[in-house]
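Numbering of ligands and ligand atoms starts at 1, following listing order. Only a predicted model underlies this, so the values are computations on that prediction, with no experimental measurement involved.
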Amino acid sequence: MSNTTSDKPPIGVIGAGWVGLVTATCFAELGHEVVVREIVQDKVDVLSRGDLTIHEPDLPELLRKNLDHMTFTTDMGELLDRTRLMFVCVDTPPTYSGDADLSRVQTVVSEVGDSTEHALIMKSTVPVGTGSAIRRDKHDLAYVSCPEFLKEGTAVADFMHPDRVVIGADNRAEFPGSWAGDAVEAIYRPLGGEMVRTDIASAEMIKLASNAFLATKISFINEIANVCEEVGADVTEVAKGMGLDERIGSKFLHAGIGYGGSCFPKDVTALKQLAGNSGYHFQLLNAVIEVNELQKRRVIGKLKKHLGDNLVGKKIALLGLSFKPHTDDMREASSLVLSSRLRGEGAEVSAFDPVASERAAELLPGVMIKDNPLAALEGADAAVIVTEWPEFAELDLAAVRSTMATPLIIDGRNLLDGAAVAAAGFVYEGVGRPALGGDAEPTAVAASAAAE
Ligand code: UDX
């Protein structure tokens, strides 16, 4: 039995990718009738059965629960007939020039035709100026920029409890599409986030600037970590001390082996490119990108420090392959660069990931992917924690110690308790933390931390 209510307008979603599916399913959960248009028939068939093609916690249950008021179709006409508010969630991948490929967005715009009845609500990340370019051709089109801030792995919770909802729209009374901004605000209002009503270009910029700022924060703490390694400080202590300043905040100060995923790398490049295309050289973003690339490669230096300069034939086990935990997404994952570099050095690479193995197998030729952590660690000269899956913190260190050839752990995400790992007989090296165990010479900082 459908739990929709008549006061809730039907919602259209164009594109059943990750953003589209989360948006569609969550609006269905809020009681809206939802029609999803997806051009791939196979996906439509799978979704209509209540099955998902992506890994996202809570989404499978919500999809099945709300399937009775969700329709999946390849037919744009059905969407236009049954809905007025249509969320555009098609992908906008980078082109060779670094600009976003807007061909799918343009196709959708042309499919809507000259309708003044419908509103296009842009969720796809697009360059600043896209909205005004679309409206140059279609003066009367009700167009709203409503950028997406969902994080993979917590997308359902993020959708249901947004920090803010950004709505960029033309509200001039004389504009025929001015109803759309208020309509979007009304459907998001039950969620309780702060409403940011603004113009279209500013809304587009809020998305790019937010992601670029967060990426900058990560590259900044990664550089602090690298300096900490030189001077014997511990970046986890430093980040804690910094983060308590409310102006800085404690989030996104976790040092590691670089950010990845479908958004940060793409959006930082897109903003840099956008600035460049308009004649502005965004110097800071060049450094953010370069620091991130170098950070992925620093693991190789750490391995060489302990195993010697020649990694030919050395067995290296990678724990975690996805770009972050709780997802099987491999896009721009640090594991891609790291495993190719290791293979380039002549090392033998084995790996384990709790959910990304299948996707990773196609992308990591020559890497032996195992179905449990101990199998990946068997006979290894070093283990590298690439993704901070919580279960790696629960590994039985004695079992790990006896299966590995050399007890060396490089913790690329500062997941483990270094002192406990060293006490179990390992050499332990994190990111921005003094090495512990074996012949590693603990600095004063490490020694005092270990003594606590
Ligand atoms: C991000 C944005 O957070 C989200 O608002 C946007 O809509 C899409 O992009 P997501 O890609 O799901 O979301 O991942 P996020 O959790 O933000 O992490 C991005 C990357 O940064 C990961 O590779 C993660 O490992 C890395 N990261 C994050 C760090 O290295 N350190 C941190 O402190 C935080």
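- Distances below 4.0 Å separate heavy atoms of E148 from the following atoms of ligand 1: 7 (O).
- Between E152 and K324 there is no salt bridge, since no side-chain N of the basic residue sits under 4.0 Å from a carboxylate O of the acidic one.
- Other residues, nucleotides and ligands contribute over 12 non-hydrogen atoms within 6.0 Å of the CD atom of E391.
- H254 O, 2.9 Å is the protein heavy atom nearest to atom 31 (N) of ligand 1.
- The nearest heavy-atom contact from the protein to atom 23 (O) of ligand 1 is G260 N, 2.9 Å.
- Contact annotation for H326 and ligand 1: no heavy atom of the residue comes within less than 4.0 Å of the ligand.
- Only the backbone of L253 comes within 4.0 Å of ligand 1, counting heavy atoms alone; no side-chain atom from C-beta on gets that close.
- Atom 16 (O) of ligand 1 has its closest protein heavy atom at K324 NZ, 2.8 Å.
- In terms of protein heavy atoms, atom 4 (C) of ligand 1 is closest to L150 O, 3.3 Å.
- T154 and D158 share a donor-acceptor pair across their side chains, judged by distance under 3.5 Å alone.
- The option from C263, A155, P147 that lies nearest to atom 9 (O) of ligand 1, judged by heavy atoms, is C263.
- Aromatic pair F87/F27: ring centres closer than 6.0 Å.
- Short contacts between ligand 1 and N211, defined as distances under 4.0 Å to a heavy atom of the residue, involve ligand atoms 2 (C), 5 (O), 6 (C).
- Among all non-hydrogen protein atoms, the one lying nearest atom 12 (O) of ligand 1 is E152 N, 2.6 Å.
- Using a 4.5 Å heavy-atom threshold, the side chains of L318 and L364 count as separate.
- More than 12 heavy atoms of other residues, nucleotides or ligands sit less than 6.0 Å from atom NZ of K304.
- Residue contacts with ligand 1 include R413, since one of its heavy atoms falls under 4.0 Å from the ligand.
- Distances between N or O atoms of F149 and those of ligand 1 include at least one value under 3.5 Å.
- For the pair S322/W389, a side-chain contact is recorded, criterion being any heavy-atom separation below 4.5 Å from C-beta on.
- Taking all heavy atoms of K207, K266, K217, K151 into account, the minimum distance to atom 13 (O) of ligand 1 is reached by K151.
- Scanning the protein for heavy atoms near atom 1 (C) of ligand 1, the closest one is F264 CE1, 3.5 Å.
- Residues N222 and R298 have side chains that never bring a donor and an acceptor to within less than 3.5 angstrom of each other.
- Backbone and side-chain nitrogen or oxygen atoms of G261 are examined, and none is located within less than 3.5 angstrom of a nitrogen or oxygen of ligand 1.
- Looking only at atom types and distance, the side chain of Y143 has no donor-acceptor partner in the side chain of D170 under 3.5 Å away.
- The nearest protein atom to atom 22 (C) of ligand 1, hydrogens excluded, is given as F323 CD1, 3.7 Å; this is a heavy-atom distance.
- Side-chain contact check for F149 versus I206: some heavy-atom pair is nearer than 4.5 Å.
- Among protein heavy atoms, atom 29 (C) of ligand 1 sits closest to I218 CD1, 3.6 Å.
- Crowding of K315 atom NZ: a count of heavy atoms from other residues, nucleotides or ligands under 6.0 Å not exceeding 12.
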